[in-house]
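For reference, the structure discussed in these notes is given below.
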Amino acid sequence: MPERILITGAHVITVDPARSEWPTGWLLVEDGLIAALGPGDPPALDGISRDDAVVVDGRGCVLTPGLVNTHHHLYQWITRGLAADSTLFEWLTTLYPVWAGIDADSVRVAATGGLARLAATGCTTTTDHLYVFPHDGGDVLGAEIDAARTVGLRFHPTRGSMDLGHSQGGLPPDNVVESLDAILAASTAAVERWHDPSFGSMLQIALAPCSPFSVTADLLRESATLARELGVRLHTHLAETLDEEEFCRSNFGMTPVQYMESVGWVGPDVWYAHAVHLDDAAIATMAATGTGAAHCPTSNARLGAGIARARDLIDARVPLGLGVDGAASNESCSMLEEAHHAALFARARGGPRAMTVRESLDLATIGGARVLGRENEIGSLEVGKVADLALWRIDGIAHAGIADPAAALVLGDRPPLERLFVHGRTVVEKGVVVTVDEDAVAGQVAAAHTALVAKAGR
């Protein structure tokens, strides 16, 4: 990476604690970190001249923190478009037999395509919830970690799991579930092999049993104990649909959040995906315990799951970020689209003031960083933080003359991405992902999709 990068002339939205914003501003990157920033033109900086830095002309652009994706399923990138008009449970029962055929090679291809697309939509940090581990699939978790290194995104993959197969009353087929002991051993091995807790880490692991209807209570309890022993975070799907609400009440006599609390799954090291169907008591529990949530408005709408109570979660100070969810339930997987839909759906539910454009941008940046426990490193433009930066061009015909640059990002069409930096390294330039050959990856994705669907006899 260049030792110094100087961005000048951009409209700067810092998302810092004061929510500083400058119509014209600058930012200096040194050794992958934000060294200085401010309004107007850059002053003389300790003898540094423009000749000492790579200068990026930000005129006509908006500079924001890189976007943070808090929920995804990258392996699904090669199963987009299937079961397009189904409910969640119908969708799952259709796709589980297809997903049972994934292996390390197909996951590497899917993850490379999915991660490259995320980068092209301004995402610099992403999670992934990988919970399908076919018995003969090879090292699927390692394959997506390799893909993230290739594309160059900051990566928070989770070692997911399922131990409640169809024969035991669960939803997934038996050939994609694992035993409790095997899951705990594999989870320990994944953390010991890959987890890097250091400042600016590019790779951190979490543990993520899939959902209340695909795992046992024993797996949830044991995973929580193990994660806390290892010092990593916990993630699962929760309260996504009314069917799940009924499942938890029928099987456990509790709401989903009450059930999670009973097995030790609340706390500042826990975040739930979706969290659509929450009552007031559930929100109060999450707020009191610091339990976070990944709001996935596009996927929830695609599956007809409902609209999460984002305004109420924000007001209760629940840590809240955005997630694209898996590509099989959100074929676009655009982080900026999530910010767009978060604002619109909140207003559809609660009126025109239910979410401002800047609150939506907060969810996509510092909100996601907080959910992942990394708000001191990423999510805002502040001196000392990692240089994860998105530079959006808004002087083209789709946005020129717009009164509010934040509205251009959140309410307008997705602007061209002029540059994307991850830890000071260029990943996207003028809309093109420069770390991979996009055409080659597209061909590999198409071939992997065809092979996987054929393997399942579809």
Side-chain angles (χ1 to χ4, degrees), residues 4-43 45 53 55-70 121-125 154 199-200 314 319-322 335-336 338-339 342-343 355-395 399 402-412 415 417-424 428:
R4 296 188 180 96
I5 301 165
L6 180 62
I7 302 171
T8 64
H11 183 111
V12 179
I13 302 176
T14 67
V15 200
D16 68 8
R19 297 305 187 263
S20 306
E21 190 168 331
W22 309 309
T24 302
W26 58 274
L27 183 145
L28 178 68
V29 177
E30 290 187 333
D31 298 324
L33 302 180
I34 299 172
L37 71 165
D41 295 324
L45 297 167
V55 179
V56 177
D57 185 353
R59 288 176 295 179
C61 297
V62 181
L63 180 65
T64 71
L67 308 185
V68 180
N69 177 29
T70 60
T121 71
C123 180
T124 51
T125 297
R154 197 174 307 281
F199 182 90
I314 293 169
L320 187 65
L322 298 180
M335 270 301 295
L336 206 56
E338 296 309 315
M355 185 177 293
T356 70
V357 293
R358 283 167 178 76
E359 284 177 320
S360 179
L361 192 58
D362 281 3
L363 295 184
T365 53
I366 195 64
R370 187 173 296 119
V371 165
L372 299 183
R374 303 197 69 177
E375 64 269 34
N376 294 325
E377 303 169 68
I378 61 173
S380 62
L381 305 183
E382 299 178 68
V383 171
K385 283 197 170 185
V386 176
D388 288 3
L389 317 169
L391 188 65
W392 311 89
R393 181 157 293 284
I394 61 166
D395 57 359
H399 307 94
I402 195 165
D404 183 352
L409 298 181
V410 173
L411 299 181
L417 190 58
E418 182 71 11
R419 292 285 285 267
L420 187 77
F421 298 94
V422 181
H423 217 115
V428 177

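No experiment lies behind these values; they were computed from the predicted model shown.
Two residues are said to be in side-chain contact when any heavy atoms from C-beta on lie closer than 4.5 Å; Leu28 and Pro42 fail this criterion. Inter-residue side-chain proximity for Phe199 and Asn376 is flagged as unmet; no heavy-atom pair is nearer than 4.5 Å. You'll find the side chain of Val29 reaches within 4.5 Å of the side chain of Leu389, heavy atoms only. Thr124 is not listed as a side-chain neighbour of Ile378, based on a closest heavy-atom distance of 4.5 Å or more. You'll find the side chain of Asp41 stays beyond 4.5 Å of the side chain of Thr8, heavy atoms only. The closest side-chain heavy-atom distance from Leu363 to Met355 is below 4.5 Å. Using a 4.5 Å cut-off on side-chain heavy atoms (C-beta onward), Leu67 and Glu338 make no contact. With contacts defined as side-chain heavy-atom distances shorter than 4.5 Å, the pair Val56/Leu6 does not qualify.
Separation of atoms CG (Asn69) and OG1 (Thr121) is listed at 8.0 Å; rounding is to 0.5 Å. Thr365 OG1 to Glu375 CD: the interatomic distance, rounded to the nearest 0.5 Å, is 12.0 Å. Taking CG of Leu63 as the start and CG of Leu37 as the end, the distance is 8.5 Å to the nearest 0.5 Å. Asp404 contributes atom CG, which lies 8.5 Å from atom CG of Leu411 (distance to the nearest 0.5 angstrom). In this structure, Asp395 CG and Ile402 CD1 are separated by 12.5 Å, a value rounded to the nearest 0.5 Å. To the nearest 0.5 Å, the span separating CG on Leu417 from CZ on Arg393 amounts to 11.0 Å.
Considering every non-hydrogen atom in both Pro415 and Ala408, the closest pair reads CG-O, 4.2 Å. For Arg374 against Gly200, the heavy-atom pair with the smallest separation is NH2-C, 3.4 Å. Scanning both residues, Ala369 and Gly379, for their nearest heavy atoms gives CB-CA, 4.0 Å. When all heavy atoms of Gly412 and His399 are compared, the pair lying nearest together is C-NE2, 4.4 Å. Between Thr24 and Gly9, the closest heavy-atom pair is CG2-CA, 3.9 Å. Closest approach of Cys123 to Leu420, counting heavy atoms only: O-CD2, 3.5 Å.
At distances below 3.5 Å, at least one donor-acceptor pair connects side-chain atoms of Glu359 with backbone N or O atoms of Thr356. For the pair Thr14 (side chain) and Ser20 (backbone), a donor-acceptor distance under 3.5 Å is present. Side-chain atoms of Thr70 come within 3.5 Å of backbone atoms of Leu322 as a donor-acceptor pair (strictly under, hydrogens ignored).
Salt bridge present: Arg19 and Asp362 bring a charged side-chain N and a carboxylate O closer than 4.0 Å.
Results of the side-chain contact (heavy atoms from CB on, under 4.5 Å) test with Leu381 over Thr64, Asp16, Leu27 single out Leu27 as the only residue that passes.
Scanning for side chain to side chain donor-acceptor pair (under 3.5 Å) contacts around Arg154 gives Asp388, His423, with sequence neighbours left out. Legend: residues meeting side chain to side chain donor-acceptor pair (under 3.5 Å) with Ser380, ordered by chain and number and at least two apart, are Glu382, Lys385. Remark: Arg419 engages Thr426 in a side chain to side chain donor-acceptor pair (under 3.5 Å) (not counting sequence neighbours).
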